[in-house]
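Inspection log for the structure reproduced underneath, given as structure tokens.
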There are 2 protein chains.
Amino acid sequence: MPRTGRPREYDRDAALRAATHLFWEHGFDAVSLEQLLKAMGGLSKASFYAAFKSKEQLYRDAVAYYLVEHGRVSDDLVNPALPPRKRLEVALRRTAAMQCDPSHPSGCLIGLSAMTAATGGLNALTADERARNRALIGQCVREALASGELKPGVEPDGVAALLDGLLLGISIMARDGVPRDTIDAAISSGFSDWRSDL
Amino acid sequence: MPRTGRPREYDRDAALRAATHLFWEHGFDAVSLEQLLKAMGGLSKASFYAAFKSKEQLYRDAVAYYLVEHGRVSDDLVNPALPPRKRLEVALRRTAAMQCDPSHPSGCLIGLSAMTAATGGLNALTADERARNRALIGQCVREALASGELKPGVEPDGVAALLDGLLLGISIMARDGVPRDTIDAAISSGFSDWRSDL
DNA sequence: TCCCTTTTAGAATAGGCGGTCTACAAGTCG
DNA sequence: CGACTTGTAGACCGCCTATTCTAAAAGGGA
């Protein structure tokens with residue numbers, strides 16, 4: 001952006017990525033500014049505050065970055081090209097794959113922040129996102145009920161809550177090192193109320 | 001225990017309970033000693049260190065207290081008087097009831113600590129407990145497979161992981177205020193691979 | 001070249017942290 | 001009544017926290 005002035009000596013995007021990984025791994029409270037500075041390329045405190053304003057603002061930016069960079073795995077929940085079941089299953093499987101990817105911290109930043117970031121309105125940031133996902137899952141299931149994709153007689157609210165709970169639980173399982181195959185098997189078992197034909 | 005000396009002015013058990021609730025609500029890192037002292041009855045720092053040794057030791061005591069006082073809801077996983085399915089279902093339903101009880105923080109201290117308490121060996125404390133539960137669930141499912149309680153052709157590892165994931169996810173759902181009825185419906189849906197007769 | 005803008009390093013600040021120390025208070029026991 | 005034991009109040013410690021300030025440095029534009 002700036003056309004004049006001394007150029008910065010670090011890569012801002014790389015710094016934000018590193019900060020995101022740190023928050024993802026440990027949560028807002030448990031990460032100190034010192035850790036952040038070192039991980040973000042060794043910039044000085046002055047540089048940090050000039051570029052990122054504050055630790056809290058950095059966290060907000062990190063959540064936004066996470067949603068764009070890793071949270072897209074659940075975008076298929078609203079993919080109009082897929083029938084409801086596929087929307088749900090693809091979202092779950094892509095989520096599992098992402099959360100088990102060893103190239104970044106395991107689990108989901110949004111889900112794991114349910115306890116962390118208690119101070120200020122930071123918790124609402126991730127809670128809103130979880131509520132949004134919950135609503136989308138409910139919508140898929142309701143559509144599936146109407147279109148006959150669900151086996152007759154099943155309770156749609158229960159199915160939706162089961163898949164929501166599983167999706168959230170995957171974060172903790174991935175954190176605990178449960179292998180992806182096992183999580184994928186769990187997802188398969190989560191769809192036994194659905195017709196595989198059709 | 002001490003038969004002599006000045007009697008303490010606070011209730012040690014009540015103090016431990018209050019501390020447990022604080023850790024339960026916010027996690028180890030996010031709770032300060034000052035907060036603890038106030039919640040534990042307004043005792044002084046000297047009294048605190050005399051009775052509880054350190055913040056970290058208090059956390060360990062709090063986890064132990066939690067397991068005895070609230071963690072017993074999953075004891076039925078090893079109840080020899082129940083068939084495997086009942087063991088699992090009772091444990092899940094009692095867990096849901098406990099975690100939605102408004103008389104204490106919502107969710108499960110053990111599950112929600114997957115991210116918190118990163119420092120030292122504190123994380124292992126709760127991770128071990130989660131691994132133990134995971135093993136018990138697997139054992140129930142394997143027994144059920146052998147005894148024919150599971151519908152033929154289902155994948156036992158998937159069923160076990162599904163129930164494990166749901167159990168963990170309940171913590172976050174409860175945290176987010178999902179009502180107990182909804183969680184109970186999720187549990188019901190989680191058993192559709194099982195024979196209800198027999 | 002000199003100015004202007006932006007970033008830099010590093011010192012400084014103010015407050016919070018977990019934890020300790022000292023002096024005193026409140027009981028029991030002989 | 002002392003002697004002893006235990007708990008309490010509050011000052012104190014050193015460290016770490018997030019944040020700000022000062023002064024120098026590194027580029028572009030004219």
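Within every chain, numbering begins at 1; the chains are lettered A, B, ... in the order of the sequence lines, protein sequences first and strands thereafter.
Atom CZ in F52(B) sits about 11 Å away from atom P in dG7(D), given to the nearest Å. Separating the CG atom of D29(A) from the C1' atom of dC17(C) is a distance of 13 Å, rounded to the nearest angstrom. Following rounding to the nearest Å, L37(A) (CG) and dT8(C) (P) show an atom-to-atom distance of 12 Å. Going from atom CD of E34(B) over to atom P of dC16(D) covers 19 Å, rounded to whole Å. What separates CZ of R12(B) from P of dG7(D) is a distance of 10 Å, to the nearest Å. Going from atom CD of E9(B) over to atom P of dT6(D) covers 17 Å, rounded to whole Å. At whole-Å resolution of the value, CZ in F23(B) and P in dG18(C) are 9 Å apart. In this structure, Q57(B) atom CD and dG19(C) atom P are separated by 11 Å, rounded to whole Å.
In this model, the phosphate group of dC4(D) is not approached by any side-chain N or O of T4(B) to a distance below 4.0 Å at OP1 or OP2. Within the structure, every side-chain polar atom (N or O) of R6(B) is placed at least 4.0 Å from both OP1 and OP2 of dA25(C). Between Y49(A) and dT20(D), a side-chain N or O to OP1/OP2 separation shorter than 4.0 Å is absent. Remark: K45(A) is not in phosphate contact with dT19(D), judged by side-chain N or O atoms under 4.0 Å from OP1 or OP2.
Nearest-nucleotide assignment on DNA chain C puts the 5′-proximal partner with Y10(A), out of P7(B) and Y10(A). Map L43(A) and S54(B) each onto its nearest nucleotide of DNA chain C; the residue landing nearer the 5' end is L43(A).
Salt-bridge annotation for D184(B) and R180(B): present, with a side-chain N of the basic residue lying under 4.0 Å from a carboxylate O of the acidic one. A salt bridge does not link D76(A) with R87(A): every distance from a Lys NZ or Arg NE/NH1/NH2 to an Asp or Glu carboxylate oxygen is 4.0 Å or more.
Remark: E34(A) CD is loosely packed, at most 12 non-hydrogen atoms of other residues, nucleotides or ligands lying under 6.0 Å away.
The side chain of S32(A) lies closest to dA18(D), out of dT8(C), dG19(C), dA18(D).
Connection of L109(A) to L67(A) is established within a shared hydrophobic cluster, with ILVMFWY side chains joined at heavy-atom distances below 4.5 Å, either directly or through further cluster members.
Listed by first and then second residue, the ring-ring contact (aromatic ring centres under 6.0 Å, His included) pairs that reach into residues 70-99 of chain B are W24(B)-H70(B), Y66(B)-H70(B), H70(B)-H104(B), sequence neighbours excluded.
Among the atoms of the strands shown, base atoms are found under 4.0 Å from some heavy atom of A46(A).
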